[in-house]
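Structure first, then comments.
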There are 2 protein chains.
Amino acid sequence: MTRKRDKKRANLRDVARAAEVSVATVSRVLNTPDVVQKKTREKVEKVIAELGFHPSAAARAINSGRTKIIGALIPTLDSDIFAITIDAIESRLGDFGFSLVVATTGEDPDVEAARARELLDIGVEGLFFPGIHHSQELYDLLDRTKVPTIAISYFDATFAYPTIGYDNREAARLALDHLLDLGHRRIAVVHGPKDHNDRTRARVTGASTQRSGTELAFFETDLSVAGGAKAARDAMKQPTEFDAYLCTSDTQAFGAIFELQRAGIQVPNDVSVMGLHDLPSAQYVNPSLSTIELPVREMGTLAAESLARWVEKDVRPAPVCLPSQLRARASTARKEN
Amino acid sequence: MTRKRDKKRANLRDVARAAEVSVATVSRVLNTPDVVQKKTREKVEKVIAELGFHPSAAARAINSGRTKIIGALIPTLDSDIFAITIDAIESRLGDFGFSLVVATTGEDPDVEAARARELLDIGVEGLFFPGIHHSQELYDLLDRTKVPTIAISYFDATFAYPTIGYDNREAARLALDHLLDLGHRRIAVVHGPKDHNDRTRARVTGASTQRSGTELAFFETDLSVAGGAKAARDAMKQPTEFDAYLCTSDTQAFGAIFELQRAGIQVPNDVSVMGLHDLPSAQYVNPSLSTIELPVREMGTLAAESLARWVEKDVRPAPVCLPSQLRARASTARKEN
DNA sequence: ATGAAAGCGCTAACAG
DNA sequence: CTGTTAGCGCTTTCAT
């Protein structure tokens with residue numbers, strides 16, 4: 001009757017009592033097992049198993065300051081590129097015992113700062129965000145909290161936080177060069193919204209040239225298959241007849257190819273199309289998509305490892321620029337005379 | 001010199017001291033502002049702002065049991081379908097003040113149970129998982145912790161936890177019926193791994209029929225464009241000449257279409273191809289993909305609302321079956337004689 | 001190697 | 001409406 005066994009979950013004290021040791025000892029077998037005598041440790045471990053005891057993360061957090069949670073700010077999960085990156089990050093983080101909480105920002109700096117604050121309130125020990133363009137509010141927040149933060153999908157060795165990504169400008173330039181090498185001169189550059197998106201801006205810069213004899217037209221559209229299709233539709237309405245389309249994202253390139261083909265235009269005979277990313281499906285479309293490979297999965301894995309190490313061992317990672325490279329496939333061809 | 005202002009972050013006591021009130025009052029303006037006198041409240045709020053005070057989530061969690069964190073167990077983020085669903089869930093959850101921590105399981109029940117335990121240890125107040133096939137270990141865990149849990153992407157009114165999803169069997173049957181209606185009889189059914197995946201199994205069941213005169217062949221392959229392409233390659237090697245391909249996922253359908261076209265086979269003239277999902281790009285491929293629409297985004301939004309309400313107001317949601325429907329497009333056509 | 005005890009920052013009775 | 005106080009479950013000195 002008077003038994004007070006209505007407790008929901010066993011706690012340290014329960015274990016200590018059952019194992020006939022002190023709470024400190026139980027805490028030790030949990031955190032520094034090697035420092036407690038084998039016999040004692042085994043007994044405690046046995047009791048822990050019997051009671052199905054699991055330490056409370058909150059209580060641990062309040063004492064040690066450790067939450068084992070990492071946060072990621074991302075524009076959207078609804079996009080192949082980010083989904084792959086986050087998948088890689090989450091997966092690798094798991095190996096280090098970290099959990100990942102994601103917060104989507106819709107590419108809005110104010111929303112981003114607000115969501116960052118939420119993550120920080122939760123007690124994330126580390127943070128990822130894309131690129132280097134963020135609100136002052138967010139920077140202030142990070143300054144104050146000193147939370148290890150890594151910028152991904154971008155490379156800039158001078159940025160206040162380590163960047164682990166690729167050179168978006170260079171990647172786009174590789175794409176442009178490929179098209180120029182093939183003899184194309186009138187090029188439609190299809191890109192996503194530049195607003196608040198430094199990755200896109202860098203790509204657009206890389207896809208620009210002053211080279212005489214070239215004629216570039218820029219089409220800003222949604223970062224989706226639908227967006228690529230729309231851009232192609234718009235481009236076809238123009239007086240200029242383009243030799244090639246340079247899409248700064250594979251997703252848009254798919255849309256462009258589909259729309260061009262629908263209009264009876266042959267790729268690459270009539271027009272060449274380039275993407276950027278090398279998504280898994282790039283080699284399967286017809287024609288297979290020439291693109292620039294961006295090692296997003298490797299990036300995610302590396303970024304996760306780096307942040308885990310930073311948080312765990314206080315070693316701030318150096319910026320890393322992963323190589324992007326040309327994947328010339330069937331959607332681009334030499335310009336016919 | 002002797003100032004002990006080296007504290008990292010202001011805490012309740014600091015605020016209380018500065019505002020010349022008790023910690024209880026500060027706690028009240030944080031949690032039940034209406035219960036404290038306007039003048040006092042304003043003063044406290046002012047101090048809170050000045051000190052840049054933010055309550056510790058861990059400390060709050062340890063006392064109130066509330067973490068405002070929801071967990072999601074998913075096979076992978078690296079897949080359009082799950083990415084869209086999670087995007088919707090995260091987004092809607094944010095409106096309710098919840099954060100989302102994701103854990104990927106790779107479709108392995110043991111990994112799933114292990115990751116679930118991690119989430120529970122963190123103190124998630126609610127949980128999502130896909131379908132109704134899980135390890136006993138996970139069920140025991142949920143039984144013990146009583147954490148509100150919703151199964152998504154599946155519908156089964158009799159399941160121990162509320163399901164919010166769609167009828168996978170019915171969706172696949174709709175697809176099959178469409179092909180049968182068009183006169184196709186020899187059908188290649190392309191599906192993902194059935195192991196540990198009740199969604200896929202239900203779809204395969206729905207895509208099966210005993211109807212005489214029909215000839216079904218099943219191809220299990222990866223849930224990817226590459227997988228779809230491979231299945232098509234395998235199917236073309238068979239002695240049977242298929243009238244149609246029924247892919248239980250759009251992603252695979254894309255791969256199948258690409259591969260068939262590559263082999264010089266016309267879709268839908270030579271062979272019809274159906275997908276399932278209605279991914280955003282389905283209407284853009286050539287030919288546009290006939291498919292069954294699965295309302296994944298709506299599902300995510302609804303699931304998030306339902307779980308938030310369950311956690312917050314203790315109202316357990318009723319199971320919901322969202323309607324799937326035929327989207328007949330250009331990749332399917334009546335069988336020529 | 002182990003235990004006792006002092007908190008961590010906050011919430012929640014209980015008084016007043 | 002506000003203050004006092006007792007914990008929540010754990011980590012961490014400091015002794016022993």
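Lettering follows sequence order; numbering is per chain, from 1.
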* Min side-chain heavy-atom separation B:Ile70-B:Val124 under 4.5 Å -> no
* B:His134 side chain reached by B:Leu73 side chain, heavy atoms, under 4.5 Å -> no
Considering all heavy atoms, the nearest [X]-[Y] contact:
X        : Y        : value
A:Leu12  : A:Phe53  : N-CE1, 3.6 Å
A:Thr149 : A:Pro162 : O-CD, 3.4 Å
A:Tyr166 : A:Val296 : OH-CG1, 3.9 Å

* Structure fact -> dist A:Asp143:CG -> A:Leu138:CG (nearest 0.5 Å) comes out at 10.0 Å
* Reported CZ-to-OG distance for the pair B:Phe128 and B:Ser306, which is rounded to 0.5 angstrom -> 8.0 Å
For atom [atom1] of [X] and atom [atom2] of [N], their distance in whole Å:
X        : N      : atom1 : atom2 : answer
A:Arg66  : C:dC8  : CZ    : C1'   : 16 Å
A:Arg13  : C:dA4  : CZ    : C1'   : 13 Å
A:Glu20  : C:dA4  : CD    : P     : 13 Å
B:Asp121 : D:dC10 : CG    : P     : 11 Å
B:Asp14  : C:dC8  : CG    : C1'   : 13 Å
B:Ile48  : C:dC10 : CD1   : P     : 10 Å
A:Asn11  : D:dG9  : CG    : C1'   : 6 Å

* Is a donor on one side and an acceptor on the other found under 3.5 Å between the side chain of B:Asp108 and the backbone of B:Thr105? -> no
* Structure fact -> Protein-proximity profile, nucleotides 11-16 of chain D, B/S/- by nucleotide at the 4.0 Å heavy-atom cutoff, equals BBB---
* Asked: Listed in order of residue number, which residues of residues 36-43 of chain B have a non-hydrogen atom at under 4.0 Å from DNA chain C?
  -> none
* Are A:Ser56 and D:dG9 close enough that a side-chain N or O sits under 4.0 Å from OP1 or OP2? -> no
* Structure fact -> Note: for A:Asp34 and B:His54 on DNA chain C, the residue whose nearest nucleotide lies more 5' is A:Asp34
* Asked: Side chains of B:Thr76 and A:Asp87: do they bring a donor and an acceptor to under 3.5 Å?
  -> yes
